[in-house]
Chemist: 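Handing you this structure, nothing more for now.
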Amino acid sequence: MNITFAKIAVPAQGVVVLPVTEGNKLGGEGKKLDKRTRGTISAAMKAAEFSGKRDKTLSIFVPAGTKLARIVLVGLGAAKTFDTNAAERAGAALYDVLSKDTTVTVVFDADGLTDAPKLAAHLAAGARLKSYRFAKYRTKEDKDAKPKLKSLAIQCDNFAGAKKHHADLTALVDGVFITRDLVTEPANIIYPESFVARARDLTKDGVKVEALGEAAMKKLGMGALLGVGQGSERESQLLVLRWDGAKNKSAPPLAIVGKGVCFDTGGISLKPPGGMWDMKWDMGGAGVVVGLMRALARRKAPVNVVGLCGLVENMPDGRAQRPGDVVTSMSGQTIEVLNTDAEGRLVLADVLTYAQQRFKPKAIVDLATLTGAIIAALSDHYAGIFSNNDDLSNQLTAAGQAVGERLWRLPMGDEYDRDIKSPIADMKNIGGGKAGSITAAQFLQRFIDKDMPWAHLDIAGVVWNEKGTPLAPGGSTGYGVRLLNRFIADNYEA
Ligand code: BES
Ligand code: MN
Ligand code: ZN
């Protein structure tokens, strides 16, 4: 889909989209249409009780005599609540209505909006986010089912401003798309080494890409991560992505860590077969790291960020680790692995240690599809956030709210930490069964240095959404890329 920006001039043909704010009959753009068409629009709005409510659309077939194919009204909701996220949702709703048309012009001049160029850019980005498809493995497809939208032209005053703003959003959506691709790919295609190979493409964006294999990780003492991968034919990898965009390239970076379990069978603590296929997206956190780094690099964000992905495959095998095994992590702490299916925390433990030792980051944020318990607690409406730092937690929560990727903070504390005491090692990798998301977070915190601002995002409920979300068709959502991009833009860019 080609997206362009131009000045307002109602086209003579094709589909015309008119955004309408709630309560307003029609914006300034309506005045540019002929009287008869305007009459048709008013009558149709009345008949359909279309009042410009958020996410509502109304298709109108225009009277004979004009060459326009259709006019589509899209509701923006109240002008004062129409922010960038609402604009993206409106663009996405519009895409759903228009994907079977080829040429669409949006005349974006709705009444009462401030900063229309910025909103127009977000509307276009929303349409593109919703247009994502993953069809590479389909050899037969119904022609009518395929989207046809080729050209989306956005008209607005100061279209040059809109275009400029949209360039950054293009970088961001590019990031979301690579995340969605990585997450959607099956585990026979994306495994630790092939994940790294895909990520190497970011070199073209200016990202420094490095990978450590098992020998290098063994030298570093990463017994926790390596234990998880030891039952797999695939070699485990630690992927390091660096974007040094700040003026001072050697200033301490922000570190983003992702769980990259490319397939989670549970290991010897094998999962039941129903739904096991979902565990191809157990690398969702790592997928977000790659998408975020692409977005930051493509928009040349003035910030230093290092992204780290612990990439493993959790398989049952003659060489796999057993329930009860004790492993020694890079931090020196020992872990009794009572359940080989609680593997994400083992992987993250060593990556968190490595991130802090090597990069001395300003702060560290990890993302992981860590627990089923977070889905029981929050469903797919919020991801869970756990943190040792109120400012960091508040900044992340605010960013999530702003982009529509919401976070809900859960408590941490010694009373939960006690639950992972082991009789023979420094800790065990599961708690007693209650508050499973919190005990998982307590486990991670044991690998965070004192005074290091840290937040853990449990994204198990939001990485994949079968039905789709406002900005994503069904499948992988890319949740987290827009959130972290916003968090960084608002708090770390000079
Ligand atoms: N990857 C899973 C968590 C998960 C479950 C993600 C469902 C997405 C959907 C994780 O590795 C896991 O298996 N966690 C266990 C932990 C338990 C053994 C303490 C869980 O949540 O059941
Ligand atoms: Mn597991
Ligand atoms: Zn897992």
Chemist: Looking at Lys163, I want to see if its NZ is surrounded by more than 12 non-hydrogen atoms of other residues, nucleotides or ligands under 6.0 Å.
Modeler: no

Chemist: Counting heavy atoms not belonging to Asp414, are there more than 12 under 6.0 Å from its CG?
Modeler: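 12 or below, so no.
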
Chemist: Using a 3.5 Å distance criterion without hydrogens, assess whether the side chain of Ser393 forms a donor-acceptor pair with backbone atoms of Asn389.
Modeler: no

Chemist: One pair to check against side chain to side chain contact (heavy atoms under 4.5 Å, CB included): Thr439 and Ile430. What are the steps and the verdict?
Modeler: CA-CA 7 Å; Thr439 50; Ile430 52 169; over 6 Å; no

Chemist: Rounded to the nearest 0.5 Å, how far apart are CG of Leu94 and NZ of Lys130?
Modeler: 12.0 Å

Chemist: Please report the shortest heavy-atom distance between Cys262 and Ala187, naming the atom on each side.
Modeler: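 It is O-CB, 3.6 Å.
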
Chemist: Determine whether a donor-acceptor pair (N or O, by modelled atom type, separation under 3.5 Å) exists between the side chain of Ser194 and the backbone of Ile189.
Modeler: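 Pair found, side chain donor or acceptor close to backbone of Ile189.
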
Chemist: Hey, is the main chain of Glu214 close enough, under 3.5 Å, to the side chain of Glu235 for a donor-acceptor pair?
Modeler: yes

Chemist: Side chains of Asn314 and Thr265 only: does a donor on one sit below 3.5 Å from an acceptor on the other?
Modeler: no

Chemist: Considering only NZ, NE, NH1 and NH2 on the basic side and carboxylate oxygens on the acidic side, decide whether Glu88 and Arg486 come within less than 4.0 Å.
Modeler: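 So Glu88 does not pair with Arg486 through a salt bridge.
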
Chemist: Donor-acceptor pair, Tyr479 side chain versus Arg406 backbone, under 3.5 Å?
Modeler: yes

Chemist: Over 60° means perpendicular and under 30° means parallel, so classify the ring planes of Phe443 and Phe447, tilted if in between.
Modeler: tilted

Chemist: Going by distance alone, is a donor N or O of one side chain under 3.5 Å from an acceptor N or O of the other, for Gln237 and Tyr191?
Modeler: no

Chemist: Strictly below 4.0 Å, N to O, side chains only: are Arg198 and Asp201 in salt-bridge contact?
Modeler: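 The answer is no: the pair does not qualify as a salt bridge.
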
Chemist: Could you work out, with ring-ring contact (aromatic ring centres under 6.0 Å, His included) as the rule, every residue matching Tyr382, not counting sequence neighbours?
Modeler: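 Listed in chain order: Trp408.
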
Chemist: Which residue, Leu212, Val351, Asp350, forms the side chain to side chain contact (heavy atoms under 4.5 Å, CB included) with Met217?
Modeler: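 The passing option is Leu212.
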
Chemist: Determine whether more than 12 heavy atoms belonging to other residues, nucleotides or ligands lie under 6.0 Å from atom NZ of Lys249.
Modeler: yes

Chemist: Just by distance, no angles: are the side chains of Asp366 and Trp454 close enough, under 3.5 Å, to form a donor-acceptor pair?
Modeler: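 Yes, Trp454 and Asp366 have a side-chain donor paired with an acceptor closer than 3.5 Å.
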
Chemist: Without swapping roles, check the side chain of Glu466 against the backbone of Gly474 for a donor-acceptor pair under 3.5 Å.
Modeler: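 Looks like no, no N/O pair under 3.5 Å.
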
Chemist: Measuring from atom CG of Leu254 to atom CZ of Phe487, what distance do you get when rounded to the nearest 0.5 angstrom?
Modeler: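 Spacing of CG (Leu254) from CZ (Phe487) equals 5.5 Å.
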
Chemist: Go through the steps for His165 and Phe5 under the test side chain to side chain contact (heavy atoms under 4.5 Å, CB included), then give the verdict.
Modeler: CA-CA 11 Å; His165 201 84; Phe5 293 87; over 6 Å; no

Chemist: Is there a donor-acceptor pair under 3.5 Å between the side chain of Asp83 and the backbone N or O of Ala86?
Modeler: yes

Chemist: Just checking, Arg128 and Phe177: is the charged tip under 6.0 Å from the six-membered ring centre and within 45° of the axis?
Modeler: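 Satisfied, under 6.0 Å and within 45°.
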
Chemist: Would you say that more than 12 heavy atoms from the other residues, nucleotides or ligands in this model lie under 6.0 Å from the CD of Glu141, or not?
Modeler: yes

Chemist: Report the residues that fulfil side-chain hydrogen bond (donor to acceptor under 3.5 Å, both in side chains) with Ser331, sequence neighbours left out, ordered by chain and then residue number.
Modeler: Ser329, Gln333

Chemist: For Lys148, does its backbone N or O pair with a side-chain atom of Thr102 as donor and acceptor, under 3.5 Å?
Modeler: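 Side chain of Thr102 to backbone of Lys148, a donor-acceptor pair under 3.5 Å: no, none is there.
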
Chemist: Salt bridge check: are Arg409 and Asp390 linked by an N-O gap of less than 4.0 Å?
Modeler: yes

Chemist: Would you sort out whether Lys259 and Asp282 count as a salt bridge (charged side-chain N to carboxylate O under 4.0 Å, His left out), showing the intermediate values?
Modeler: CA-CA 7 Å; Lys259 167 177 171 180; Asp282 208 19; 3.2 Å; yes

Chemist: Quick check: does any side chain N or O of Asn388 sit under 3.5 Å from a backbone N or O of Met452, one acting as donor and the other as acceptor?
Modeler: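 Here the side-chain-to-backbone pair exists.
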
Chemist: Could you go through the salt bridge (charged side-chain N to carboxylate O under 4.0 Å, His left out) check for Arg446 and Asp417 one step at a time?
Modeler: CA-CA 9 Å; Arg446 288 185 177 220; Asp417 196 71; 2.7 Å; yes

Chemist: Is a salt bridge present between Arg294 and Asp205, judged by a nitrogen-to-oxygen distance below 4.0 Å?
Modeler: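 Between Asp205 and Arg294 there is a salt bridge, with a charged N closer than 4.0 Å to a carboxylate O.
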
Chemist: Taking Ala342's backbone N and O only, do any of them form a donor-acceptor pair with Asn429's side chain (distance below 3.5 Å, no angle check)?
Modeler: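 Side chain of Asn429 to backbone of Ala342: a pair is present.
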
Chemist: In terms of side-chain geometry, is the basic nitrogen of Lys208 or Asp244 positioned less than 4.0 Å from the acidic oxygen of its partner?
Modeler: yes

Chemist: Would you confirm whether Asp426, through its side chain, and Thr334, through its main-chain N or O, come within 3.5 Å as a donor-acceptor pair?
Modeler: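 Checking the backbone N and O of Thr334 against the side chain of Asp426, a donor-acceptor pair under 3.5 Å is found.
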
Chemist: Locate the shortest heavy-atom distance separating Ala368 from Leu348; write the atom from each residue and the value.
Modeler: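 The answer is CB-CD1, 3.7 Å.
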
